[in-house]
Structures are given as C-alpha cells and as structure tokens.
Amino acid sequence: MRLSRYFMPTLRDAPSDAQIVSHQLMLRSGLIRQEAAGIYAWLPIGLKVLKKIEQVVREEMNRAGAVEVLMPTLQLADLWRESGRYDDYGDEMLRIKDRHDRDLLYGPTAEEVIVDIFRSYVKSYKDLPKNLYNIQWKFRDERRPRFGVMRGREFLMKDAYSFDIDETAARRAYNRMFLAYLNIYARLGLKAIPVRADTGPIGGDLSHEFIILAETGESEVFAHRDLVEMGAPGPDIDWDGDLQPLVEQRTRLYAASDEMHDAARFEVEAPEDKRMTARGIEVGHIFYFGDKYSKPMKAMITGPDGVDRPAQMGSYGVGVSRLVGGIIEASHDEAGIIWPDSVAPFGVAVVNLRVGAADVDAVADQAYRALDAAGLDPLLDDTDQRPGAKFTNLDLVGIPWQLIVGPKGVAEGVVEIKRRATGERQTLPLEAALKAIAG
RNA sequence: CGGGGCGUAGCGCAGCCUGGUAGCGCAUCUGCUUUGGGAGCAGAGGGUCGCAGGUUCAAAUCCUGCCGCCCCGACCA
C-alpha cells in the first residue's frame, strides 16, 4: 500500500475526551473515530488489526473443534420471552420495533438464537458434542461506556456455545475452550491469567475469566507466579484426548481477581516469593451453565437409553474489539503503539526519505516490491512529509519494522532498518535488510 | 443510576468572573527556501461560540430549560 493513496489520519494531539492511553493512541493513530458514546467507526488500520485478531481467534477456535456460524445482530424478542430473559435484561438491552410492530432487539449475546438453531436440527446424542461460535457485533446499552473500545456499547465479540449430553462431556468441552483461550492470548503476544469466576446460581467451579496483564488495567489480579510463566499449552495437544491434566495444572494454582480474592488463602497456597499482584483487563469469560437455556427452550436430546434430556451447555466469550485496546494497554511506549507482529496493521513500512529523487525512489520501490512478494504486507511511505514527521507517525502507529531509504544510504549502497519494539537500528545493504525483516 | 466536570475552526486551548468588532497554537491551501526524528518565511481560507428560550440598546459572556460528551462510584466481553 502506498501511504499517499491510503487513509491513515493521525493526530498530533489526542482529543480531550480520551483519558486512558489505549483510547488516546487509537484516536491519534487513526484506528477509530467515535460516533457516539461507546460507538465507534473503524478506520482502515483499526479495521486491519481487528480483522487480524478475529482471524487468530477463528483459527484457534477451529483447531479446538468449534464450528463457525454467523447469527443476526437483530433478534426476535419472542425467543427471549421463551428463555425468560426478555423482561430481566433491563435497560442494557436495545429494544426495537419493526414496521409490523413486532418486538426485536439488538443482540447483547446469543444464547437464545443458538439454542433455537440447535434445537431445530439436533435431536440425538449421536450428533454430540457440538460447539458453534460466531464473531458478531453485540450491543449492550451500558450505563456508562468508557475507556474507548474497552467498554463500548457496540462491540465485536466471539461467542461460542457448546452442547453435550451430560455434565462429564460438557466439562470436556469446557476444557477445550479453556486451553484454546490460552493459545489465543499467547498468539496475540499477551500474558493471560485464568481466574476463577463467580458462577452465580449455577454453582460449581466451571467458570473462568481470562485477564491479560497490563499496568493500566482496570482490575487487580492476584496469582501464583508459576501460572503466569506456565503460558499456553500450544496448538499441538490432543484436542480429543483427556485435557483435564493440562487444565488442572493451571487451575490448581492460586489466581483471583479482586472480587474473588481471598488473602488468607493466597498466603497458604502461594509462597511469598511466588505471590504476584498485578493489574489486568478481562478479555474472556467461559462458563458452564447446564440446562439454563436448553430446558426452558426445550432443546432436548435423546440419549442412548431413549430418554430425552435438555442439552448441557456452556458459553465462551472473547471480546475481540476490546482486545484491540487491551493489546495497546499491554504494549506501548511514549512514542506510541507497539503491535505484536501477529496483529500489526502492516508488517513493515518502507520509508522513502526523499520522494522525487530518482535513485532513492528506485531503491524504495525495489524494497517495497520484494517485501510485498515475501508476503509482509508493506506500507510504502511515499508522502512528501519531512523525515521527522514520517518517523514520528510510523512510531505512533506502531508498525513493527521500518526500512528507511535515504539519499545518503543510497549513495553508499545501504539502507537502515529499525525494529519498533526495541528501537534497535542496523545499517546494511538492501538484500541483507530484506533478509533480516523477512526472516 | 448517584456524584463531579466540560461543550468556542479538523485537533488542542484562551476569552466568560467584570456583556460592547471571536482569538492563539497545530493542521489545511498558495508561493519560495528547505529535507535523516513533527522546518522557516510570506500570504490565504475556515466559526449560526452544543440547541432553544429569556434579560438587555447590545449575549460566547448573565438567567432558565434541553441535548451531547468525559471522569469517579455500583454492574459488565
């Protein structure tokens, strides 16, 4: 992409509405534009990042055996009357009427719709297990939207729903999601901690929130240090096998957010040098809720004994749009965003420092074509701004590499490369520079 | 939903107290000079001062109502 033809409106000053760093950086680097409280338009590079995160989530869900669908944003109120939630949900639900005066709503979540789909096709235990997910915009009319996309009213969420014949099988489904989530966050360059979450009236221990570590995070986490260092299980586990040991390895170590924290237990379960207190952002939540929806909505499964039982369900959410802000909170410096390679809007920026000088243009072009051919999705800065402005902007936007082509270097047959994350620079011949970036 | 704050050019702000020609920086446009970390000079354009009503000879400024946005708290991907 040529920057001169692109749309990447950066701002020198952050709009005063934005208070937290990720929100300021998202506005300044032209990722989003606010249209109303908690409602944002996604501009080109913001959209690219969002799509990349979405794709990571999709790949890991698929790997864990989930199957993608796409449910509508608008849902029928009647389905919610069946589950009993229509009246309970309150003002957070955006209610709409169509021209026939029929009650609709903009979905804040999709349990009702997925149960409606599931029940109309699946009747036998032989068709289980099933895990269906979608990545779709949700709307919750929050009392107080804030923190930019971290707490918007309209947000992109991956929500998965598992269906099983009994609780034992449902636990297996839960375990798959538990481990898949750790892999997702690891691929996004994040350190995530699964913490036990309140299960509400259902009870049991099958609910976890995933909190990514960021100094500016909104909630406090207390965890055994080994849990953080243990990291993700990786993609090459046997997803159909017994995952319980891998999950237990991680759930037996102490981890709690402030509302569930028990200081006395923390001291017993973690030796002093292993006790970690940090700030974080909740970016995922998984739980098992049995027949809470399948029972009232009559999603019945016939078992091997010929008896019908409501499907045992779980649901699993990842805040995709929230992760954009979360990654920035976890990874930035004074100059701007530092994207992990896996989600960066462009892999590398080719910086032409003297647009119009034939020899410089030629080298920049050559570098751009080579990086494009190598699949690095390069951005060619062919604008007529001064060098300082280009560097400042590219640092702000956080493109992982800069390949800098200037008249001095070209005269000597070299270019410069700079790694955004570390600031490390190297001056070397073009071929070597391309190799260093393309790996 | 309780408490607090703010709406003046695309962005950041001053002016309001004490009513009297709407300003500054950045950005934008034109020209010249510049060009390795947000250039310099000269010129230009851009505003129903959130909206409505009121007071007044006169309202960005004072009064009333409404709307929008932000922050703190209780709730959430």
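So you know, we letter chains A, B, ... as the sequences are listed, proteins then strands, and number each from 1.
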* To do: Establish whether the base of B/G37 is bridged to the side chain of A/Arg425 by a donor-acceptor pair shorter than 3.5 Å.
  => yes
Could you run down the sub-3.5 Å N/O contacts of the protein with nucleotides 5-11 of chain B?
from, atom 1, to, atom 2, distance (Å)
B/C11, O2', A/Asp13, O, 3.2

| request: Could you say whether the aromatic ring of A/Phe391 and the base of B/G38 stack, counting only centre distances under 5.5 Å and plane angles under 30°? | output: no
Next on the checklist: Under 4.0 Å between a side-chain nitrogen and a carboxylate oxygen: does that hold for A/Arg420 and A/Asp333?
Outcome noted: yes
Which of B/C70, B/A77, B/C1 is nearest the side chain of A/Arg143? It is B/C1
Mate of B/U18 across any strand shown (Watson-Crick or G-U wobble, both atom pairs under 3.5 Å) is none
The answer to which of A/Pro387 and A/Val283 contacts RNA chain B further toward the 5' end, by nearest nucleotide, is A/Pro387
Smallest heavy-atom separation, A/Ala433 atom then A/Ile417 atom, equals CB-CG2, 3.6 Å
Side-chain donor-acceptor pair under 3.5 Å between A/Asn134 and A/Glu68, yes or no? no
Per atom distances to the A/Asn393 side chain, the nearest of B/A77, B/C69, B/G38 is B/G38
>> Quick check on the 6.0 Å ring-centre criterion: do A/His224 and A/Tyr254 meet it?
In response: no
Rounded to whole Å, the CD-P distance (A/Glu218 to B/C76) equals 12 Å
Partner of B/C26 under the Watson-Crick or G-U wobble criteria, both distances under 3.5 Å, comes out as B/G10
When both distances are under 3.5 Å in a Watson-Crick or G-U wobble arrangement, the nucleotide paired with B/G31 is B/C41
Taken to the nearest whole Å, CD1/A/Ile211 to P/B/C76 is 13 Å
| task | Report yes if the distance between the aromatic ring centroids of A/Tyr89 and A/Trp80 is under 6.0 Å, otherwise no. | result | yes
Q) Would the A/Phe118 and A/Phe163 ring centres measure less than 6.0 Å apart? A) yes
Do A/His285 and A/Phe287 make the cut of ring centroids closer than 6.0 angstrom?
-> yes
Scan A/Gly284 against the nucleic acid and name what it touches under 4.0 Å (heavy atoms): base, sugar-phosphate only, or nothing.
sugar-phosphate
Separation of B/C76 atom P from A/Phe210 atom CZ, nearest Å, is 18 Å
When you compare B/C76 with B/G68, how far apart are their C1' atoms, in angstrom units rounded to a whole number?
24 Å
- Query: For atom P, what is the distance between B/C71 and B/C13, given to the nearest Å?
  - Reply: 14 Å
_Ring centres under 6.0 Å, that's the criterion: do A/His23 and A/Phe147 meet it?_
no
Checking N1-N3 plus N6-O4 or O6-N4 for Watson-Crick, or N1-O2 and O6-N3 for wobble, each under 3.5 Å, the partner of B/U61 is none
- Query: So what does A/Arg354 touch, heavy atoms closer than 4.0 Å: a base, only the sugar-phosphate, or nothing?
  - Reply: sugar-phosphate
Check: Which is it for A/Leu394 and A/Leu379 under the side-chain contact (heavy atoms from CB on, under 4.5 Å) test, yes or no, and what are the steps along the way?
Finding: CA-CA 10 Å; A/Leu394 293 168; A/Leu379 176 69; 4.3 Å; yes
Under 4.0 Å between any heavy atoms, over every strand shown, what does A/Asp395 touch: base, sugar-phosphate, or nothing? Just pick one. base
Using the C1' atom as the point on both nucleotides, what is the distance between B/A74 and B/G7, in whole Å? 27 Å
Regarding the side chain of A/Arg386, the nearest nucleotide among B/C71, B/G38, B/U35 is B/U35
Rounded to whole Å, the CG-P distance (A/Asp141 to B/C1) equals 10 Å
Handout entry: Separation of the C1' atoms in B/C69 and B/C11, to the nearest angstrom
Key = 16 Å
task = Could you give the distance separating B/A59 and B/U18 at their C1' atoms, to the nearest angstrom?
result = 14 Å
Ranking B/G37, B/C75, B/G38 by distance to the side chain of A/Arg146, first place goes to B/C75
A/Phe139 atom CZ is separated from B/C76 atom P, nearest whole Å, by 18 Å
Separation of B/A77 atom P from A/Met157 atom CE, nearest Å, is 8 Å
Residue pair A/Arg144/A/Glu35 against RNA chain B: nearer the 5' end by closest nucleotide is A/Glu35
pair_partner(B/G47), Watson-Crick or wobble, both distances < 3.5 Å, evaluates to none
For A/Asp384, which contact category applies under a 4.0 Å heavy-atom criterion: base, sugar-phosphate, or nothing?
nothing
Side-chain contact check for A/Glu142: nearest option of B/A39, B/C69, B/C76 is B/C76
Do A/Arg151 and B/C75 have a side chain to base donor-acceptor pair shorter than 3.5 Å?
yes
Carefully, step by step, assess A/Glu35 and A/Tyr40 under the rule side-chain contact (heavy atoms from CB on, under 4.5 Å). CA-CA 5 Å; A/Glu35 293 296 334; A/Tyr40 297 86; over 6 Å; no
Under 4.0 Å, heavy atoms only, any strand: does A/Gly423 hit a base, just the sugar-phosphate, or nothing? nothing
Distance between the C1' atoms of B/A22 and B/G47, in whole angstroms?
8 Å
As its Watson-Crick or G-U partner within any shown strand, both distances under 3.5 Å, B/C1 has B/G73
A/Gln24 CD to B/C71 C1', in whole Å, measures 13 Å
- Please state the C1' separation for the pair B/U8 and B/A77 - nearest whole angstrom. 38 Å
Margin query: Taking only the P atom of each, what is the distance from B/C62 to B/G19 in whole angstrom?
Written below: 9 Å
Between the CD atom in A/Gln312 and the CZ atom in A/Arg171, the distance rounded to the nearest 0.5 Å is 12.5 Å
A/Phe147 CZ to B/C76 P, in whole Å, measures 15 Å
**Message:** Taking any heavy-atom pair under 4.0 Å as a contact, classify A/Gln34: base, sugar-phosphate, or nothing.
**Reply:** sugar-phosphate
